[in-house]
Protein chains: 2
Amino acid sequence: MDLRHLRYFIAVAEEQNIGRAATRLHISQPPLTRQIQQLEEELGVRLLKRTPRGVELTQAGALFLDEARNIRAVVEQATERTQRAGQGKLGRLDVGIFGTAILDAIPKLLLAFRRSYPEVKIVLHTMNKGEQIEALRQRRITVGFNRMLAPLPDITTRLVANERLLLAMSHTSPLAAQESVAFPALRDHPLVLFPTGARPNFIDKVMTLCHEAGFEPIVSQEVSDAITGVALAAGGFGVCLVPESTTSLALPGVIYKPLTDLPHHAQVDLSCIYRSDDQSPILEAFLGTIEQMRSTLPSGAALTE
Amino acid sequence: MDLRHLRYFIAVAEEQNIGRAATRLHISQPPLTRQIQQLEEELGVRLLKRTPRGVELTQAGALFLDEARNIRAVVEQATERTQRAGQGKLGRLDVGIFGTAILDAIPKLLLAFRRSYPEVKIVLHTMNKGEQIEALRQRRITVGFNRMLAPLPDITTRLVANERLLLAMSHTSPLAAQESVAFPALRDHPLVLFPTGARPNFIDKVMTLCHEAGFEPIVSQEVSDAITGVALAAGGFGVCLVPESTTSLALPGVIYKPLTDLPHHAQVDLSCIYRSDDQSPILEAFLGTIEQMRSTLPSGAALTE
DNA sequence: ACTCATCAATACCTTTAAAGTATGATCACC
DNA sequence: GGTGATCATACTTTAAAGGTATTGATGAGT
């Protein structure tokens, strides 16, 4: 049986006349007669009763007419859904994010994407840098977000935003009175650093900046993530260098101060990563959304990749 | 798009390899490649990613695989249901019955049919003789039950049962003391007759029997149906001749007595009627059930049609 | 009762498209 | 850098759908 048989049968059933149905189908009458005979033979069921004025449906034929119309609708829907999936409009996007990536840029991006592609289900997976790479390779996620990614052959990195560094501290800190803080002044203040974990990381970056400024920092504590770092700073453990987006994290007693006397490269990137060979239209769509969002993301617009 | 395309695509998706899928489908590899390309082109969607080791599904392909399997299942079910309908095992049987046909034979028949064909929905329509003929011609019912049907060219009549006549009366009736009643004795007793309506009817039959026995009956009352007739008899309006199956109607104060001295043809038929040109397998099945039930129906077994 | 009109079915031919054969291109894997 | 596996392409064969002409059946109208 063929979809053609169904189409033909529906036409014949609706016209109650093989000749008229043939005209409607833009074929001649004899082949239509044969196709219907074929269908009846294959099913082993008489679908039509031939009368001198045309044909009429048997009970089985009436039932099959319903079924045929249903099948036609199911096929149409399947086609349409598949086409939407092929255009990246329908499906699922698994995103790997790190703990504090939930701040600022990424929610904005995901909301913008969801607005454009409401039928794509976004699933978030919290995982660290190494886990993201692993998950990308195993296709458990389609895209990941992270900072300071080392280049890899099979994973493409794409800069989403570049953020300035700020200093988080307790409002009781001796630096709290200043409008801004000169970076070299940090030589005399204990630092809370994060994140521990896969290298290179933000701790390495801060250490390098200090060395470039000609001092060895006093490390008060190394912690796993930004939230813990800011919390310790609030508790008086020291000051904590953070990416600008972290200011969304308004813990009680925490204040953020801009830094001066920093080199131009003293910024921290936020990038997304995906498999280099991934052709998925949903990924395409997501990267397109990032492109459109660039101007609204911190510094991103001003930077080349 | 064709069901063949779906079948082929499912095989390819399952084998993840066009060559192997071709083997499984008992065709060679190139036509299969082409059919898949055709499918992709028609949908405008890339369903497979070609790799050196075979093929793998894209997201859209994975979705289409689900859809294709679903369509296949829907088509299979449609086929099966249609075939059952063609065998009279699935569908609907509209039956016309008269008021007191609900007694005895007809319920037995309907129950037996439902046991053999549980997926045929039986719909009962209470209507009199004329309405049944009309409803048959308009296809609102497939089969009707009635008594004393005049032959018609487009309606076939088939005897289901032949019932003896009994006499219904009040337990206070002067005839109540006898074990049985000789028919000619009715000349002195007022009769309740039924049914009024389309001729020939049971009233005509009773009148003829009286005339044949050499008397003009005293007609106490003519009523529309057996229930009313028996009820009036119970109320003392007279005695009432009824078909044997009416004894299922145990109204308070009613007793039934056998009749003697009656000619052999003093029986009343119960027949079913259907359109002579009706080839419906459900009707076939129902007539088959009647055939099987004959021996258990009153006198039916002993009679030719 | 007979003819005509209508419609489905059949016979036979044409055209389209699916299946087969042979071969080429690509890429991992030794 | 060959070798084997896999998909794609070119070309031929075959099967099946479609077209034309005609027949057969049946009911309506004269």
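Computed over heavy atoms, backbone and side chain alike; hydrogens, waters and symmetry mates excluded. Protein chains get the first letters and strands the later ones, always in sequence-line order, with residue 1 at the start of each.
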- Note on the structure: Of dA17(D), dA19(C), dT21(C), the nucleotide closest to the side chain of Tyr8(B) is dA19(C)
- Task: Begin from the C-alpha positions of Lys49(B) and Asp277(A) and carry the test salt bridge (Lys or Arg N to Asp or Glu O under 4.0 Å) through to its verdict.
- Result: CA-CA 11 Å; Lys49(B) 192 183 164 192; Asp277(A) 65 349; 3.6 Å; yes
- Task: Have a look at Gln87(B) and tell me which of Arg84(B), Gln83(B), Lys89(B) forms a side-chain hydrogen bond (donor to acceptor under 3.5 Å, both in side chains) with it.
- Result: Lys89(B)
- Glu56(B) CD to dA28(C) P, in whole Å, measures 13 Å
- Query: To the nearest 0.5 Å, what is the distance between CZ (Arg275(A)) and CD1 (Ile155(A))?
  - Reply: 8.0 Å
- Query: Quick one: Leu25(B) CG to dG20(C) P, roughly how many Å, whole number?
  - Reply: 10 Å
- Between Met1(B) (CE) and dA18(C) (P), how many Å, whole number? 14 Å
- Message: I want to know whether Phe64(B) and Phe9(B) have ring centres closer than 6.0 Å.
- Response: yes
- Task: Report the distance from atom CG of Leu32(B) to atom P of dA8(D), rounded to the nearest whole Å.
- Result: 10 Å
- Give one of base, sugar-phosphate or nothing for Glu15(A), where a contact means two heavy atoms less than 4.0 Å apart. nothing
- Take nucleotides 3-10 of chain C nucleotide by nucleotide from the 5' end and write B, S or -, depending on whether a protein heavy atom sits under 4.0 Å from the base, only from the sugar-phosphate, or from neither. ----SBBB
- In whole angstroms, the gap separating P of dT26(D) from NZ of Lys49(A) amounts to 12 Å
- Identify which nucleotide among dA18(C), dG20(C), dA17(D) has an atom closest to any side-chain atom of Ile27(B), counting heavy atoms from C-beta outward. dG20(C)
- Interatomic distance, CD@Gln35(B) vs CD1@Ile27(B), rounded to 0.5 Å, equals 7.0 Å
- How close or far is atom P of dT16(C) from atom CZ of Arg4(A), stated in whole angstroms? 15 Å
- Query: Distance from Phe145(A) atom CZ to Ile290(A) atom CD1, nearest 0.5 Å?
  - Reply: 4.5 Å
- Task: Decide, yes or no, whether a salt bridge links Arg72(A) with Glu76(A) under the criterion of side-chain N to carboxylate O below 4.0 Å.
- Result: no
- Item | Gap between atoms CD and P, on Glu41(B) and dA18(C) respectively (whole Å) | 12 Å
- In whole angstroms, the gap separating P of dG27(D) from CG of Asp277(B) amounts to 11 Å
